[in-house]
Visitor: 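Got a structure here, written out as structure tokens. Questions coming.
It should be emphasised that the depicted structure is a prediction, and the values quoted were computed from it without experimental measurement. Just so you know, ligand 1 is whichever comes first in the structure, and atom 1 is the first atom listed for that ligand.
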Amino acid sequence: MPTIEKLAKWLCPVFPKAALSARACFTDHDLMDVTTVMTSRVIQVVPFVLVVFGATGDLARRKLLPALFQRDIAGQLPAEASIIGVSRGALDKAAYVAQARKAIADHVAPSDEAAATLAHFLARISYIQADADGDAGWDRLAGALAAYAGRVHVFYLATAPNLFGAICERLGRFGLAGDQARVVVEKPIGKDLASARAVNDAVGAVFPEDRVYRIDHYLGKEAVQNLLALRFANGLFEPLWNAAHIDHVQITVAESLGVEGRAGYYDTAGALRDMVQNHMLQLLCLVAMEPPAILGADAVRDEKLKVLRSLKKLDTDLLCGHNIVRGQYRAGAQAGGPVPGYLDELGDQSSTTETFVAIKAEVQNWRWAGVPFYLRTGKRLPSRVSEIVINFRPIPHSVFAAAAGRIEANRLVIRLQPDEGVKLWLMSKDPGPGGMRLRLVPLDMSFATAFGGRNPDAYERLVLDVVRGDQTLFMRRDEVEAAWSWIDPILQIWSNAAEPPKSYTAGTWGPSAAIALIERDGRTWVETIA
Ligand code: BG6
């Protein structure tokens with residue numbers, strides 16, 4: 001039954017007039033949201049076929065198939081939802097379905113619901129052997145897709161980025177890029193501004209921008225979306241969200257793992273391209289942007305773009321070496337024991353690729369003038385933890401005696417992972433007799449405690465947003481290119497620099513220069529504990 005009719009039926013006994021006017025007042029999209037809230041039921045997406053290029057690769061196995069399976073368990077996939085794996089491997093359908101079964105066993109926790117849904121989910125999957133950079137197999141793909149006319153067609157390019165152009169060109173040439181088709185591309189989109197433009201041109205030659213979905217999986221994380229709720233669904237913070245009340249912002253994305261099996265790719269990227277150009281800058285944008293008029297794709301992306309364009313260029317500061325630090329881990333120890341250094345993992349002692357970056361960024365506009373945004377990210381740090389810390393300004397005058405102790409400034413900590421949640425640190429009186437003693441304590445909202453349940457993976461949200469046609473959590477072309485414009489001068493200066501990255505011991509918080517970067521300003525990194 002269409003959603004509007006369902007709502008009308010639900011309203012009928014309660015508010016007969018409202019039921020009659022339901023269709024007049026709301027769009028179907030509004031009503032899906034209303035009914036979801038009212039009944040906590042999951043609304044199915046429209047019929048679709050998802051074609052995954054790179055179907056046997058890591059992304060498809062670790063993320064896409066498990067995400068789709070989870071949504072199937074939740075009841076969100078309609079009967080007419082199909083998945084076609086495409087790769088150059090000579091597999092038949094049964095062999096690919098066996099791979100999918102294994103991917104799910106490896107990445108989805110067993111449960112009664114999972115067991116009950118598995119056969120049904122696997123029956124959605126088929127496989128076509130085709131070349132990404134040759135025409136072999138494309139007639140078969142086109143023939144198979146002809147059977148899915150009337151559905152949304154999603155082409156997910158889970159391949160190396162150098163194939164994006166070739167695949168899109170064939171999608172166009174084989175008549176598969178019509179109005180019903182959308183294309184999804186993963187980072188890295190280019191390795192600098194010029195190459196990003198070339199990728200965007202190649203994709204854009206076939207698909208208009210409103211059918212291109214550039215994934216930054218950080219935007220699909222629940223806690224990142226919650227940042228929008230925190231800022232724009234609460235009246236409390238927005239009046240304080242500016243340079244008059246905020247002293248500085250810290251964004252940390254720390255990983256405990258090294259480069260694992262990805263050293264080949266990572267060595268051509270480094271932390272600046274791999275994490276800062278996309279994830280870290282997107283987080284900065286969500287913190288710094290103006291409230292959009294509506295939570296719509298272009299409204300949100302327009303505001304993020306303004307932030308990216310307001311970032312102070314780092315080129316001249318860089319020459320003084322003050323606002324950016326790059327590091328590379330050497331052998332050290334972590335909780336699990338000794339770990340090798342980056343160069344040994346890579347098997348090349350001459351690499352100057354950075355595995356750590358700390359940056360002092362500034363957003364040059366009225367709201368943020370003079371408020372530093374300190375960013376740091378790295379591999380082989382003490383723990384896997386990502387946090388945004390909003391540090392408010394100190395109180396202007398203390399009415400307390402010195403014996404009450406030091407009055408710390410308030411701090412809002414948004415924990416992205418693990419243990420997603422929000423802590424607002426406030427000064428409080430230590431309970432008990434003995435006079436006034438003050439202490440910084442948190443108002444603590446753990447999402448797990450507040451909401452319970454499983455925390456869905458970012459890809460569950462993002463893949464179905466593509467089917468829904470909602471681009472809000474995807475990067476627009478101009479955003480990607482504005483981010484590269486800011487990153488490019490740093491890359492250029494590094495490529496000419498005589499000095500290699502600063503070394504840090506695996507299992508520590510990066511080179512000491514990263515601590516100096518913030519302490520020079522009389523501030524300190526907020527301790528993050530996983
Ligand atoms: C990816 C990077 O985009 O993000 C990886 O390429 C990194 O190097 C990963 O490990 C981190 O993602 P998450 O979701 O584990 O924080």
Visitor: First locate atom CH2 of Trp425, then atom CZ of Phe392, and finally report the distance between them rounded to the nearest 0.5 Å.
Guide: 14.5 Å
Visitor: Name the orientation class of the two ring planes belonging to Tyr156 and Tyr459 (parallel below 30°, tilted from 30 to 60°, perpendicular beyond 60°).
Guide: tilted
Visitor: Out of Arg262, Glu260, Lys63, whose heavy atom is nearest to atom 5 (C) of ligand 1?
Guide: Arg262
Visitor: What distance separates Cys168 SG from Asp201 CG, expressed to the nearest 0.5 Å?
Guide: 12.0 Å
Visitor: Would you mind listing which atoms of ligand 1 come within a distance below 4.0 Å of any non-hydrogen atom of Lys187?
Guide: 1 (C), 2 (C), 3 (O), 6 (O)
Visitor: To the nearest 0.5 Å, what is the distance between NZ on Lys312 and CZ on Phe373?
Guide: 14.0 Å
Visitor: What distance separates Asp274 CG from Thr377 OG1, expressed to the nearest 0.5 Å?
Guide: 8.0 Å
Visitor: Can you tell me the protein heavy atom closest to atom 11 (C) of ligand 1 and the distance?
Guide: Glu255 OE1, 3.7 Å
Visitor: Taking only heavy atoms of His217 into account, list the atoms of ligand 1 that are under 4.0 Å away from them.
Guide: 1 (C), 3 (O), 4 (O), 12 (O), 13 (P), 14 (O)
Visitor: Take atom CZ of Arg330 as the centre, draw a 6.0 Å sphere, and report whether it contains more than 12 heavy atoms from other residues, nucleotides or ligands.
Guide: yes
Visitor: Please state which protein non-hydrogen atom is closest to atom 15 (O) of ligand 1 and give its distance, to 0.1 Å?
Guide: Arg384 NH2, 3.1 Å
Visitor: Below 4.0 angstrom from a heavy atom of Gln417, which ligand 1 atoms are there? Numbered from 1 as shown, please.
Guide: 13 (P), 16 (O)
Visitor: At under 4.0 Å between heavy atoms, is it the side chain or the backbone of Tyr218 that contacts ligand 1, or both, or neither?
Guide: side chain
Visitor: In Å and rounded to the nearest 0.5 Å, what is the CG to CG distance from Leu343 to Leu346?
Guide: 7.0 Å
Visitor: Should you measure from each heavy atom of Lys221, which atoms of ligand 1 turn up under 4.0 Å away?
Guide: 13 (P), 14 (O), 16 (O)
Visitor: Is the closest N or O pair between Tyr265 and ligand 1 shorter than 3.5 Å?
Guide: no
Visitor: Looking at ligand 1, does any of its N/O atoms fall within less than 3.5 Å of an N/O of Tyr266?
Guide: no
Visitor: Give the atom numbers and elements of ligand 1 that come within less than 4.0 Å of a heavy atom of His279.
Guide: 1 (C), 3 (O), 4 (O)
Visitor: Counting from 1, what ligand 1 atoms have a heavy atom of Lys379 closer than 4.0 Å?
Guide: 5 (C), 7 (C), 8 (O), 10 (O)
Visitor: At less than 4.0 angstrom from any non-hydrogen atom of Asp274, what atoms of ligand 1 do you find?
Guide: 2 (C), 5 (C), 6 (O), 8 (O)
Visitor: Give me the ring orientation class for Phe155 and Phe53: parallel if the planes are under 30° apart, tilted from 30 to 60°, perpendicular past 60°.
Guide: tilted
Visitor: Whether Arg197 engages the ring of Trp484 as a cation-pi pair (distance to the six-membered ring centre under 6.0 angstrom, angle to the ring normal within 45°) should be assessed.
Guide: no
